[in-house]
Undergrad: 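Take this structure, written in structure tokens, and hold onto it; I'll ask about it next.
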Amino acid sequence: MSSVCLPDGSSRAITPGSTARDLAESIGKKLAQAAIAVVVDGTVCDLSSTLPDAEGTKVRLLTDRDPEALEVLRHSCAHIMARAVVRLFPGCQLAFGPALENGFYYDIESPTPIREEDFPRIEEEMRALIALGEPFERFERPVDQGRDLVRDMGQKLKVEHIDEDLCRFPSLSFYRQGEFVDLCRGPHIPHAGKVGAFKLMSLAGAYWKGDASRQQLQRLYATAFFSQKDLDAYLRQIEEAKKRDHRILGKQLHLFTISPLAGPGLILWMPKGAMIRGILEQFLRDELMRRGYHPVYTPHVGKLEMYRMSGHFPYYRDAQFPPLYHHPAAPPIDLLQYRLAAGALDEAREREMSLFLTQASIVIPGYAEATTPADRLAATAKFAGEVLDLHGIQLPDFVRAVGAEEQARSLLVWLEKQEGYLLKPMNCPHHIQIYKAVQRSYRDLPVRLAEFGTVYRYEQTGELSGMTRVRGFTQDDGHLFVTSEQVEEELLANIELVRFVLKTLGLGDYRVRIGLRAKGSDKYVGSNDDWDNAEAALLRIVKNLEMPHSAEEGEAAFYGPKIDFVVRDCIGREWQLGTVQLDYNLPKRFDLEYIGADNRVHRPVMIHRAPFGSMERFMGILIEHFAGAFPVWLAPEQVRVLPVSEKAADYAKQIELKLREAGIRVTADIGSDKIGARIRTATLDKVPYMAVVGEKEAQSGQVSVRDRLTGDLGAISLEAFMARLEVEIRERRLPAG
RNA sequence: GCUGCUGUAGCUCAGUGGUAGAGCACUUCCUUGGUAAGGAAGAGGUCGUGGGUUCAAGCCCCACCAGCAGCUCCA
């Protein structure tokens, strides 16, 4: 006899070999019917799983009220969807079908593409399968037998997955539902009838195993709930969230616009948006002055040479606007040099390279036809020679050079002599030049330079999205040059600054991500020791702050690890806002120095930080956060004066003037609308306060104040109203709730 | 960049091969109204761009541009 421990603290004896379902039945028939799955010592398992033969195992039965049960349901519904698709689209290859936070997806490769028009019949098939209410039956097979099983079913992707990853396990688990068998870890709901409501949401492409060099599959997104009511509530919630979308509100409220003619991904700030941005910038500027920062200004372009030195130009070659060269031969030579320097590439890298060359509009004769890496490099070198000849450029070193590496080096020597500029992708190299312009003593450190610096990055077309992912944006950038002893203190101060900024704006719903380097990757610069130091310092600080965080490998910048503050937009996508980054590498690359107390030369450490991140992205998130209804201190229009009729127009204009003289952003709506219509317009424009004035107010020198949310607040004197505004603005008061 | 979808008036959208529509917004006139829409008239469109099919294209086909959802990327 063994026993299990239930959530209420009671313990219950079970016979060895009994399942979770047996346990549920022994507790009550109702519970047995309602049970979806079971949590055994923290792990979610099938209801049919055998309970461990031990004393005091913690067991919790899950019903449709538990969030973990919903995840199980969705995973099972993914199987049902896959089964329906396989029935309707013969010859489908199944990949992965996991549950997500708000639903699930299944990646499928179908010989006949699935289209959105097919959703109704897939849903119909699923409804039929759910009506059958067949059980999910688990069984296990040793790896080689399991491999044979999926092979015989013609599931090549599953075979691949077993060969690549799962072969290290002794056995594989499967789930059977009628004729449908799928390789799966589980757990699953007891039977299909548990799915109360579901809906296919969208269709998208996804790469096999998330690898862009592998084949692209079709991903079907869907969601499922235990009841129709829950599904309806979820769909309503999505509709509500869409109304907060900054792209829609930005248009409605005239905050910003994007013109394909001006350029995709380039934000045009309209007066109202610009007003908000200006206030945010001033807010931060004031804060930075208090914290010992020095404002600086740097230009929008910089010499290529500087970005070669920093590493930004070669490292992000395909994510930049094309470099600006004077010499007509330089752009093609630059591209050809880049290709030669890359050397022999494997298939995946070669595909990326070909795409990059195509995008840069250079056609290398013989390149596409070449079958080996060596032939491609030879074609590239040959073409470079022709370009040089065409322009009458004598480059004996290039002619003598043997091999792509040497050829690339000789071309680079020539390129470095050419005048060339880059739209700046980062502010740090410019700030570094400002640091270097003066001899620095340890007494000067930390040197804190700050700038609202606009940078340009050529993001992939598919990435552009409103204000959150753009090709030109202004970072509230700052660089600190510190001694190694000052690193922790300054990091701390800047994390504190980011938190202060977010708190002031009421953005409390964020997560903190520690970006570490991916072990074993070659995409980072600098020594292992520096990286180890930097990563350890960041982790130590965050731990001391007792701030919830997650350390994620592969999320570091190429020059150092970082702490990012990540928020979600209205449709659940995550965006990095504030960031604090630690950098031992750029100081080395630019040979930065200061004179220490020991009268010797030392190297400073750099901290890159941006509390807002980018003004564009921050603004986008802020629009969604406030649903366009900005607090009084940020609102582009703080008060609208509404005369009851044109008889009160003169008084309304007097009020407008007095408020404006007091520094309030105010307009008066003098028109032929009735007062109700004027209130409606002001409310839709999300103006925080309306001052309704008629004959009564004109006689008593009052204004009838109306809040955009709570409505009529009654008549008060103009002085009292101005005092109220003054307090709200000074305190940067946020809307309640 | 890849997969799928979308592009018609300033905005939101209807329009299944035969003379381009609605609501809101805009302009003018009437109305002077007390807390979320007063009335009337008017103006406004190379149907994203370029090709093709057709007697005839907003609608069908191709390419490009832009947007949306997702994937990959993100200093």
Side-chain angles (χ1 to χ4, degrees), chain A residues 105 107 113-117 201-221 242 245 247-248 251-252 254 257-261 263-265 307 310-313 315-316 318-320 351-352 354-356 358-359 424-429 455 457-466 469 475 477 515 523 525 555-560 562 571 573 575-576 579 581 583 586 608 610 642-649 671-684 690-697 704-708 711-715:
Chain A
Y105 67 77
D107 284 348
I114 301 162
R115 313 178 132 265
E116 265 178 50
E117 292 113 76
M201 303 298 288
S202 65
L203 191 59
Y207 299 105
W208 173 225
K209 297 208 169 185
D211 185 342
S213 70
R214 296 212 192 194
Q215 75 256 47
Q216 194 161 26
L217 312 169
Q218 288 194 290
R219 176 171 294 180
L220 270 85
Y221 281 93
K242 274 190 194 153
D245 192 317
R247 292 163 296 192
I248 291 165
K251 200 181 271 183
Q252 265 170 20
H254 303 304
T257 188
I258 301 169
S259 144
L261 188 58
Y307 285 104
S310 72
H312 290 101
F313 180 62
Y315 192 85
Y316 291 103
D318 55 350
Q320 277 159 4
R351 267 198 300 276
E352 279 170 30
S354 298
L355 275 172
F356 168 68
T358 308
Q359 187 195 300
K424 81 171 163 190
M426 282 289 273
N427 299 303
C428 31
V455 297
R457 300 174 187 178
Y458 198 83
E459 303 288 358
Q460 301 182 67
T461 52
E463 291 307 335
L464 299 177
S465 177
R469 193 77 186 265
Q475 296 177 313
D477 213 353
K523 65 176 210 174
V525 298
E555 290 293 326
F558 75 92
Y559 49 73
K562 55 180 184 157
I571 52 175
R573 284 183 294 210
W575 301 101
Q576 172 196 319
T579 183
Q581 316 183 348
D583 177 9
L586 290 184
H608 310 236
L642 308 177
V644 170
S645 79
E646 274 173 43
K647 285 183 198 154
S672 67
D673 278 339
K674 289 172 78 168
I675 184 65
R678 274 198 277 257
I679 287 170
R680 180 170 189 272
T681 308
T683 309
L684 293 177
M690 287 158 253
V692 177
V693 294
E695 287 177 57
K696 273 187 289 180
E697 288 78 7
S704 200
V705 179
R706 190 186 161 91
D707 184 273
R708 76 186 143 195
D712 195 358
L713 300 177

Undergrad: Whether A:K251 contacts B:G10 is assessed here as follows: a side-chain N or O lying under 4.0 Å from the phosphate OP1 or OP2. Is that the case?
TA: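 Checking B:G10 against A:K251, no side-chain N or O comes under 4.0 Å of OP1 or OP2.
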Undergrad: Does A:R678 have a side-chain nitrogen or oxygen under 4.0 Å from the phosphate oxygens OP1 or OP2 of B:U35?
TA: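 Checking B:U35 against A:R678, no side-chain N or O comes under 4.0 Å of OP1 or OP2.
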Undergrad: Suppose you measure atom P in B:A36 against the same atom in B:C30; what distance do you get, rounded to whole Å?
TA: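 Straight-line distance between the two P atoms is 28 Å.
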Undergrad: Are side-chain heavy atoms of A:D318 and A:E352 found at a separation under 4.5 Å?
TA: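 In short, these two side chains do not touch, never coming nearer than 4.5 Å.
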Undergrad: Which word best sums up how the rings of A:F558 and A:Y315 line up, parallel for under 30°, tilted for 30 to 60°, or perpendicular for over 60°?
TA: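 A:F558 and A:Y315: parallel rings.
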Undergrad: For the side chain of A:R469 and the base of B:C73, is some donor closer than 3.5 Å to an acceptor across the two?
TA: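 Result: at least one qualifying N/O pair found.
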Undergrad: What distance, rounded to whole Å, do you find between the two C1' atoms, one in B:C60 and one in B:G67?
TA: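 B:C60 and B:G67 have their C1' atoms separated by 23 Å.
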Undergrad: Taking the P atom in each of B:G52 and B:A69, what is the distance between them to the nearest angstrom?
TA: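 So the two P atoms sit 35 Å from each other.
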Undergrad: Out of B:G4, B:C73, B:G70, which nucleotide sits closest to the side chain of A:Y221?
TA: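 Output: B:G70.
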Undergrad: Got more than 12 heavy atoms from elsewhere within 6.0 Å of CZ, A:R214?
TA: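 Check passes, neighbour count above 12.
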Undergrad: What does B:A63 pair with, Watson-Crick or G-U, if both distances are under 3.5 Å?
TA: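 Because both required distances fall under 3.5 Å, B:A63 counts as paired with B:U49.
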Undergrad: Below the 4.0 Å mark, does B:A36 have OP1 or OP2 next to a side-chain nitrogen or oxygen of A:T683?
TA: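 Result: no.
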Undergrad: Just to be sure I understand the rule, does A:G311 reach a base, reach only the sugar-phosphate, or reach nothing, if contact means heavy atoms closer than 4.0 Å?
TA: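 Nothing, no heavy atom under 4.0 Å.
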Undergrad: Please tell me which of the listed nucleotides, B:A75, B:G70, B:A66, lies nearest to the side chain of A:R573?
TA: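 That would be B:G70.
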Undergrad: For B:G18, give its Watson-Crick or G-U wobble partner with both distances under 3.5 Å, or none.
TA: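 When the pairing criteria are applied, B:C55 turns out to be the nucleotide that pairs with B:G18.
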Undergrad: To the nearest 0.5 Å, what is the distance between NE2 on A:H608 and OH on A:Y559?
TA: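 Rounded to the nearest 0.5 Å, the NE2-OH separation comes to 4.5 Å.
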Undergrad: Closest to the A:K647 side chain: B:A75, B:U32, B:C71?
TA: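 Of B:A75, B:U32, B:C71, B:U32 is nearest to the side chain of A:K647.
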Undergrad: B:G4, B:C74, B:A69: which one has an atom nearest the side-chain heavy atoms of A:A204?
TA: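 Of the options given, the side chain of A:A204 lies nearest B:A69.
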Undergrad: Base, sugar-phosphate or nothing for A:K209? Non-hydrogen atoms, less than 4.0 Å.
TA: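 Since no nucleic acid heavy atom lies under 4.0 Å of A:K209, the category is nothing.
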Undergrad: Using a cut-off of 4.0 Å on non-hydrogen atoms, how would the nucleic acid contact of A:G714 be classed: base, sugar-phosphate, or nothing?
TA: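 Nothing, no heavy atom under 4.0 Å.
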Undergrad: Whole angstrom is fine here: how far is it from NE2 in A:H312 over to P in B:C74?
TA: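 Rounding to the nearest Å, NE2 of A:H312 and P of B:C74 are 13 Å apart.
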Undergrad: Looking at A:R115 and B:C5, is any side-chain donor or acceptor paired with a base atom of the opposite kind under 3.5 Å?
TA: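 Looking at the base of B:C5, it does not pair with any donor or acceptor on the side chain of A:R115 (distance under 3.5 Å).
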Undergrad: Roughly how many Å is it from CD1 in A:I571 to P in B:C68, rounded to a whole number?
TA: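 Going from CD1 in A:I571 over to P in B:C68 covers 9 Å.
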Undergrad: In terms of side-chain heavy atoms of A:E697, which of B:G33, B:U35, B:G70 is nearest?
TA: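 Looking only at side-chain atoms, A:E697 lies closest to B:U35.
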Undergrad: Given B:U31, B:U32, B:A75, which nucleotide is nearest the side-chain atoms of A:S672?
TA: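 For the A:S672 side chain, the nearest candidate turns out to be B:U31.
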Undergrad: Who is the Watson-Crick or G-U wobble partner of B:A41, with both distances under 3.5 Å?
TA: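 Across all strands, the one nucleotide that pairs with B:A41 is B:U27.
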Undergrad: Side chain of A:R706: nearest nucleotide among B:A75, B:A36, B:G1?
TA: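 The answer is B:A36.
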Undergrad: For B:U16 versus B:A20, give the span between their P atoms, rounded off to a whole number of Å.
TA: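 Comparing P positions in B:U16 and B:A20 gives a spacing of 15 Å.
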Undergrad: Which part of the nucleic acid does A:A677 contact within heavy-atom distance under 4.0 Å: base, sugar-phosphate only, or nothing?
TA: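 Answer is sugar-phosphate: A:A677 comes under 4.0 Å of backbone atoms only.
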Undergrad: Between B:C73, B:A36, B:A75, which nucleotide gets closest to the side-chain atoms of A:I679?
TA: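 Closest nucleotide among those given: B:A36.
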Undergrad: Determine whether A:R247 and A:D245 satisfy the following criterion, salt bridge (charged side-chain N to carboxylate O under 4.0 Å, His left out), listing intermediate values before the conclusion.
TA: CA-CA 5 Å; A:R247 292 163 296 192; A:D245 192 317; 2.6 Å; yes
Undergrad: Check every atom of B:A69, B:U35, B:A75 against the side chain of A:V692 and return the nucleotide holding the closest atom.
TA: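 When the side chain of A:V692 is considered, B:U35 is the closest of B:A69, B:U35, B:A75.
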Undergrad: Side-chain N or O of A:R247 less than 4.0 angstrom from OP1 or OP2 on B:C68?
TA: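 Yes, such a contact exists.
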Undergrad: Between B:C13 and B:C68, how far is it from one P atom to the other, in whole Å?
TA: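 The same atom, P, in both gives a distance of 14 Å.
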Undergrad: Taking any heavy-atom pair under 4.0 Å as a contact, classify A:Q320: base, sugar-phosphate, or nothing.
TA: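 Base: the residue A:Q320, judged by heavy atoms under 4.0 Å, touches a nucleobase.
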Undergrad: Among B:C74, B:A75, B:G1, which nucleotide has an atom closest to any side-chain atom of A:T461?
TA: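 When the side chain of A:T461 is considered, B:G1 is the closest of B:C74, B:A75, B:G1.
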Undergrad: Categorize A:S704 for me: base, sugar-phosphate, or nothing, with a 4.0 angstrom heavy-atom threshold over every strand shown.
TA: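 Base contact.
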Undergrad: Would you classify A:P425 as touching base, sugar-phosphate or nothing, given that sugar-phosphate means primed atoms plus P, OP1 and OP2, and contacts are heavy atoms under 4.0 Å?
TA: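 Base: the residue A:P425, judged by heavy atoms under 4.0 Å, touches a nucleobase.
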Undergrad: Do A:Y458 and B:G1 have a side chain to base donor-acceptor pair shorter than 3.5 Å?
TA: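 Donor-acceptor pair under 3.5 Å: no.
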